[in-house]
Amino acid sequence: PSRYEALVKLCQLLMERKEYDEAYRLSLVEPKLTEDALLVDHRASWQIFVEHGLAAHYLGKQAESQDTLQRVEAILTASPSPDDFLNLSNVYFQAGLFENCASAARRAIALRPDYAAAFINLCAAENARGNFEEGKKACEQALRLDPDNQLAKNNLNWSLAAAYNNIAVSYKALGEWDLAINAANEALRINPDFQLAKNNLAAAKAEKAKYLSSTDAPRFSADWFGSN
């Protein structure tokens, strides 16, 4: 490998081992090296900047991290590739930078509208941000492009289950416990291991029981989501 590729691989290894201080230091050892890389090895150059930006992020240097990652996107924009933006979205997702991940996935889609993998990343990022309707739309498009993609199916189920769970939270807050129970049950039908939905179901049932034992006020009732 070139010295640029070797630097990237070493930084990545340090990041995997959570040795962020050392990865940060290494990414700054030869600042001229990364500048020269822009002219010599486009792919290695932006990856070096990515490692530096992520190390800064984990070390709490948020302004520096943001500036560096913006530079990465400028480098990729100068010579755009859907695969590069997809890889960048993967990096962002692993770092918990879900807004950045969604943005990079959308850049990949703009360059290749039939890129199922980019729609899958967009779905995962939007789910992580709590934008479950947007996540559902992205996964549905991924499945239209690649009907047998299991990851897309899994992400779509997560979007749907999380959306029903959010509905349950809203109804519970309004005191509409039957609606909350039904919505939580629907979330669990889609994803039986969804612990948040289990918690909300139990809480809605407990609050309903407490309410009924302490008042003669009329109950809310609906069967929009099936029986409880």
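Computed over heavy atoms, backbone and side chain alike; hydrogens, waters and symmetry mates excluded.
The heavy-atom pair separating Lys153 from Pro147 by the smallest distance is CE-O, 3.3 Å. Among all heavy-atom pairs drawn from Ala108 and Ala118, the shortest one is CB-CB, 3.9 Å. Pairing each heavy atom of Ser89 with each of Ala105, the nearest pair is CB-N, 3.8 Å. Of all the heavy atoms in Ala152 and Ala142, the pair that sits closest is CB-CB, 4.0 Å. Residues Pro113 and Leu145 approach most closely at O-CD1, 4.1 Å, considering heavy atoms. Across Ala183 and Ile167, no two heavy atoms sit closer than the pair CB-CG2, 3.9 Å.
In this structure the side chain of Phe85 reaches within 4.5 angstrom of the side chain of Thr77, judged on heavy atoms. Between Met15 and Gln12, the closest side-chain pair of non-hydrogen atoms is not below 4.5 Å. The shortest side-chain heavy-atom distance between Tyr24 and Lys61 falls under the 4.5 Å cut-off. Taking the side chain as every heavy atom from C-beta outward, Asp67 and Arg71 never approach each other to under 4.5 Å.
Using modelled atom types and a 3.5 Å distance limit, the side chains of His57 and Ser65 yield no donor-acceptor pair. Tyr171 and Asp178 share no donor-acceptor pair across their side chains, judged by distance under 3.5 Å alone. Using modelled atom types and a 3.5 Å distance limit, the side chains of Gln94 and Asn90 yield no donor-acceptor pair. When only modelled atom types and interatomic distance are considered, Asn165 and Asn200 share a side-chain donor-acceptor pair under 3.5 Å. Checked by atom type, the side-chain pair Asn199/Gln195 shows a donor-acceptor distance below 3.5 Å.
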task = Before giving the answer on salt bridge (Lys or Arg N to Asp or Glu O under 4.0 Å), spell out for Glu134 and Lys137 the whole-Å C-alpha distance, their side-chain angles and the decisive distance to 0.1 Å.
result = CA-CA 5 Å; Glu134 291 301 312; Lys137 291 177 182 178; 3.8 Å; yes
inquiry  = Please evaluate residues Lys210 and Glu207 with respect to the criterion salt bridge (Lys or Arg N to Asp or Glu O under 4.0 Å), reporting the C-alpha separation (whole Å), side-chain torsions for both, the decisive distance (0.1 Å), and the verdict.
reply    = CA-CA 5 Å; Lys210 181 178 179 181; Glu207 290 180 19; over 6 Å; no
Working for side chain to side chain contact (heavy atoms under 4.5 Å, CB included), residues Leu188 and Tyr164 = CA-CA 9 Å; Leu188 289 170; Tyr164 278 114; over 6 Å; no
request  = Please report the C-alpha distance between Val169 and Leu196 in whole Å, then the side-chain angles of each, then the deciding distance to 0.1 Å, and finally whether the side chain to side chain contact (heavy atoms under 4.5 Å, CB included) criterion is met.
outcome  = CA-CA 10 Å; Val169 170; Leu196 285 177; over 6 Å; no
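With rounding to the nearest 0.5 Å, the separation of SG in Cys123 from CZ in Phe132 is 10.0 Å. With rounding to the nearest 0.5 angstrom, the CG atom of Leu122 is 8.0 Å from the SG atom of Cys101. Taking CG of Asp146 as the start and CD1 of Ile120 as the end, the distance is 6.5 Å to the nearest 0.5 Å. To the nearest 0.5 Å, atoms OG (Ser81) and CG (Leu88) are separated by 11.0 Å. With values rounded to the nearest 0.5 angstrom, Asn191 atom CG is found 10.5 Å from Leu160 atom CG. Of the inter-residue distances, the one linking Ser79 atom OG with Asp84 atom CG reads 7.5 Å to the nearest 0.5 angstrom.
The hydrophobic cluster containing Tyr115 does not contain Leu111, counting ILVMFWY residues as joined when their side-chain heavy atoms lie under 4.5 angstrom apart, directly or transitively. A single hydrophobic cluster is not seen to contain both Leu151 and Leu156; linkage of ILVMFWY side chains at heavy-atom distances under 4.5 Å, directly or through other members, places them apart. Grouping the Ile, Leu, Val, Met, Phe, Trp and Tyr side chains by contacts below 4.5 angstrom, directly or via other members, places Val50 with Leu76. Linking ILVMFWY residues whenever their side-chain heavy atoms come closer than 4.5 Å, directly or via other members, leaves Phe119 and Val91 in distinct clusters. Clustering ILVMFWY residues whenever any of their side-chain heavy atoms sit less than 4.5 angstrom apart, transitively, puts Leu97 in the very cluster that holds Tyr20.
Residue Glu99 qualifies as open at atom CD: its count of foreign heavy atoms under 6.0 Å is 12 or below.
Between Glu22 and Arg25 there is a salt bridge, with a side-chain nitrogen of the basic residue lying less than 4.0 Å from a carboxylate oxygen of the acidic one. Lys136 and Glu133 are joined by a salt bridge, as a carboxylate oxygen and a charged side-chain nitrogen come within less than 4.0 angstrom of each other.
Remark: aromatic rings of Tyr92 and Phe98 are distant, center separation not under 6.0 Å.
Aromatic ring orientation, Phe194 versus Trp158: tilted (interplanar angle from 30° to 60°).
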